[in-house]
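Just below is one structure, and these are the notes that go with it.
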Amino acid sequence: DGSGARFALRFSMLDPMPPGLLFEIQASPDLGLSGSWRTVASKTSSAAWAGPASASVSTPSGGKVTVTVSPSPSTPVLPQQWFRFRLSSF
């Protein structure tokens, strides 16, 4: 709509995260039809969040934290964007 509005994803997760897991938030403008999904934020075990999106984490409470992931200001605003959460072991 040209407003330049930005999204944010907010979710709860275990803290600490179990070892040996990779948690990724991935994005695609077309559900991966014309290209692969790209990782915008990722986390492993006790490591900090990484990726082009920023992540803020609440104070742990009851073994969980609330995470808010939002794009960096330099990320272009797309008319349509799909997201998925991917969890894998290594």
Side-chain angles (χ1 to χ4, degrees):
D1 68 359
S3 69
R6 297 277 178 177
F7 71 90
L9 301 172
R10 181 173 288 161
F11 55 92
S12 295
M13 64 182 291
L14 293 175
D15 184 65
M17 194 170 135
L21 294 178
L22 170 62
F23 186 80
E24 296 173 284
I25 299 171
Q26 298 181 326
S28 170
D30 61 3
L31 294 171
L33 295 174
S34 66
S36 61
W37 288 82
R38 63 184 172 79
T39 300
V40 296
S42 64
K43 178 171 177 40
T44 57
S45 197
S46 62
W49 283 90
S54 64
S56 61
V57 181
S58 70
T59 302
S61 176
K64 293 184 178 181
V65 292
T66 298
V67 180
T68 303
V69 176
S70 54
S72 69
S74 63
T75 302
V77 176
L78 301 174
Q80 179 172 290
Q81 187 82 273
W82 300 92
F83 295 92
R84 71 180 181 184
F85 294 85
R86 183 171 182 241
L87 183 64
S88 55
S89 61
F90 59 90

Residues 26-40 side chain polar contacts: donor-acceptor under 3.5 Å, at least two apart:
| residue | atom | partner | partner atom | Å |
| --- | --- | --- | --- | --- |
| Gln26 | OE1 | Arg84 | NE | 2.7 |
| Gln26 | OE1 | Arg84 | NH2 | 2.9 |
| Gln26 | NE2 | Thr39 | OG1 | 3.3 |
| Ser28 | OG | Asp30 | N | 3.2 |
| Ser28 | OG | Asp30 | OD1 | 3.2 |
| Ser28 | OG | Leu31 | N | 3.1 |
| Ser28 | OG | Gly32 | N | 2.7 |
| Asp30 | OD1 | Gly32 | N | 3.2 |
| Asp30 | OD1 | Leu33 | N | 3.2 |
| Asp30 | OD2 | Ser34 | N | 3.0 |
| Asp30 | OD2 | Ser34 | OG | 2.4 |
| Thr39 | OG1 | Glu24 | OE2 | 3.0 |

Next item on the list: Could you tell me how the ring of Phe85 sits relative to the ring of Phe11: parallel (under 30°), tilted (30 to 60°) or perpendicular (over 60°)?
Entry: perpendicular
Notebook entry, point to check: From Ser54 OG over to Trp49 CH2, what is the distance, rounded to the nearest 0.5 angstrom?
Noted result: 11.5 Å
Item checked: Value rounded to 0.5 Å, distance of OG in Ser42 from CD1 in Ile25 -> 9.0 Å
Check: Can you list the residues that meet the ring-ring contact (aromatic ring centres under 6.0 Å, His included) rule with Phe83, with sequence neighbours excluded?
Finding: Phe7
Note to self: Would you say Trp82 ends up clustered with Phe23 if hydrophobic residues are merged whenever their side chains have heavy atoms under 4.5 Å apart, either directly or through other cluster members?
What the structure shows: no
Next item on the list: Work out which heavy atom in Val65 is nearest to a heavy atom in Thr59; give both atom names and the distance.
Entry: CG1-C, 4.3 Å
Note to self: Quick check: closest heavy atoms across Phe90 and Thr44, and the distance to 0.1 Å?
What the structure shows: CE2-CG2, 4.0 Å
Item checked: Gap between atom CG of Leu9 and atom OG of Ser70 - 0.5 Å precision -> 8.5 Å
Note to self: Listing request: all salt bridge (Lys or Arg N to Asp or Glu O under 4.0 Å) pairs with a residue in residues 62-72, at least two apart in sequence or in separate chains.
What the structure shows: none
Margin query: If you compare all heavy atoms of Pro60 against all heavy atoms of Asp15, which two are closest, and at what distance to 0.1 Å?
Written below: CG-OD2, 3.3 Å
Check: Quick one: OG on Ser89 to CG on Leu22, what's the gap to the nearest 0.5 Å?
Finding: 9.5 Å
